[in-house]
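Following: one structure in structure tokens, then a few remarks.
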Amino acid sequence: MIKLIGIEKSFNPGKSNELHVLKGISTEVKDGELVAIVGKSGAGKSTLLHIIACIDSYDSGEYYIDDLLIKNMSEKKLANIRNEKIGIVMQDFSLVEDFTVLENIMIPLDFAKNKRPNAKELAKEVLKQVNMENFAKEKVRNLSGGEKQRIAIARAIINNPSLILADEPTGSLDSANTEAIMDLFFSLNKQGKTIIIVTHDKELAEKCHRIIEISDGRII
Ligand SMILES: Nc1ncnc2c1ncn2[C@@H]1O[C@H](COP(=O)(O)OP(=O)(O)OP(=O)(O)O)[C@@H](O)[C@H]1O
Ligand SMILES: [Mg+2]
């Protein structure tokens, strides 16, 4: 379970361009929930997702994952938590363009504590799940936006995380691929994964268990 209590976040604090993005976000997401985060562009959705992913810090409030307070932790500790519990699909994919598809999705396995002897087989299995098995040896730079999106999802789920975070995971997909990816998220959710999806897609948000709407740094 994750729990956010009064989370505040500003960019460029104390400077003339200071931006108070999150103004006291409090919510809980229970294990096994499938939640959508919606809100206008610039509302702070990605910022919030990065805090939940332990990629970004917050200024005040408290953030707990499974009763563990995520605050003032060393980068090493945070990296361990991310590798053990969290898979994230970033809005810009954050793939390594010069690596092949297979190399990209195997990156998290290198950081995992329990090295898998069958890493390549596992990677191929995950590629199949996102319908990209024929692209294993292709360089990511040659892929379309929608294909990159699916590779980013494959990379997010390869370590079998209990919490999956996805920032606009269907933003550049056509309707057939959107449906395929949503089916994938639904089936991961049915397997017990907790999933938080940032989306502009109303139809998609309504298929989730719950919608969290952010406006002007607050949940409304
Ligand atoms: N590292 C940063 N430094 C300064 N400002 C930032 C930084 N990251 C985000 N911002 C600003 O914070 C605000 C919230 O950004 P965020 O990316 O969280 O919005 P969003 O809700 O995800 O928007 P979108 O729907 O367009 O992705 C924006 O005004 C953005 O310009
Ligand atoms: Mg965003």
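First listed ligand is number 1; within each ligand, the first listed atom is number 1.
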Please tell me if atom 31 (O) of ligand 1 is touched by the protein, where touching means a protein heavy-atom distance below 4.0 Å.
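No, no protein heavy atom sits under 4.0 Å from atom 31 (O) of ligand 1.
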
[X]: numbered ligand 1 atoms lying under 4.0 Å from its heavy atoms:
{"X": "L19", "result": "11 (C), 12 (O), 13 (C), 29 (O)"}
{"X": "K40", "result": "21 (O)"}
{"X": "Q91", "result": "27 (O)"}
{"X": "V21", "result": "12 (O), 13 (C), 14 (C)"}
{"X": "H200", "result": "25 (O)"}

Below 3.5 angstrom, do we get any N/O pair linking N12 and ligand 1?
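In fact, backbone or side chain, N12 has no N or O that close.
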
Within-cut-off N or O pair, F11 and ligand 1, under 3.5 Å
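By distance alone, the answer is no.
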
Counting heavy atoms only, name the option from E168, K45, H20, K9 that's nearest to atom 21 (O) of ligand 1.
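The nearest heavy atom belongs to K45.
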
Which of the listed options, S46, G42, G44, holds the heavy atom that is closest to atom 28 (C) of ligand 1?
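Heavy atom nearest to atom 28 (C) of ligand 1 belongs to G42.
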
At a 4.0 Å cut-off, with the gap strictly under it, does some heavy atom of G39 reach an atom of ligand 1?
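Judged by the 4.0 Å heavy-atom criterion, G39 does not count as contacting ligand 1.
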
Answer yes or no: is there an ion pair linking [X] with [Y], defined by an N-O contact shorter than 4.0 Å?
{"X": "E103", "Y": "R155", "result": "no"}
{"X": "K45", "Y": "D167", "result": "no"}
{"X": "E33", "Y": "R210", "result": "yes"}

Take atom CG of D174 as the centre, draw a 6.0 Å sphere, and report whether it contains more than 12 heavy atoms from other residues, nucleotides or ligands.
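Yes, CG of D174 has more than 12 neighbouring heavy atoms, counting only those of other groups under 6.0 Å.
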
K23 atom NZ: more than 12 heavy-atom contacts under 6.0 Å
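Result for NZ/K23: enclosed.
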
Check which hydrophobic residues are tied to I211 through side-chain heavy-atom contacts below 4.5 Å, counting indirect links as well, and list them.
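Under the 4.5 Å side-chain rule, I211 groups with V38.
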
Report, one line per pair, each donor and acceptor closer than 3.5 Å where one atom sits in a side chain of residues 5-15; sequence neighbours left out.
unit_1	atom_1	unit_2	atom_2	d
E8	OE1	H20	NE2	2.7
K9	NZ	D56	OD1	3.3
K9	NZ	S57	O	2.9

Using a cut-off of 2.8 Å, how many protein N, O or S atoms sit around the Mg ion (ligand 2)?
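With waters ignored, the protein N/O/S count below 2.8 Å is 2.
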
Quick one: nearest non-hydrogen protein atom to atom 26 (O) of ligand 1, plus distance?
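That would be S41 OG, 2.6 Å.
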
Shortest protein heavy-atom distance from atom 16 (P) of ligand 1, along with the residue and atom involved:
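Minimum-distance protein heavy atom for atom 16 (P) of ligand 1 reads T47 OG1, 3.6 Å.
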
With I153, the side-chain contact (heavy atoms from CB on, under 4.5 Å) member among I158, I181, I105:
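Result for side-chain contact (heavy atoms from CB on, under 4.5 Å) with I153: I181.
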
Under 3.5 Å donor-acceptor, Q149 side chain and P169 backbone
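Checked: pair present.
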
Do S94 and D92 have side-chain atoms, one donor and one acceptor, less than 3.5 Å apart?
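Yes, because at least one side-chain N or O of S94 sits under 3.5 Å from a partner of the opposite role on D92.
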
Check whether the side chains of S46 and Q91 place a donor and an acceptor atom closer than 3.5 Å, and report yes or no.
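The criterion, which ignores hydrogens and geometry beyond distance, is satisfied for Q91 and S46.
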
Could you tabulate the donor-acceptor pairs under 3.5 Å formed by side-chain atoms of residues 128-135, not counting sequence neighbours?
none

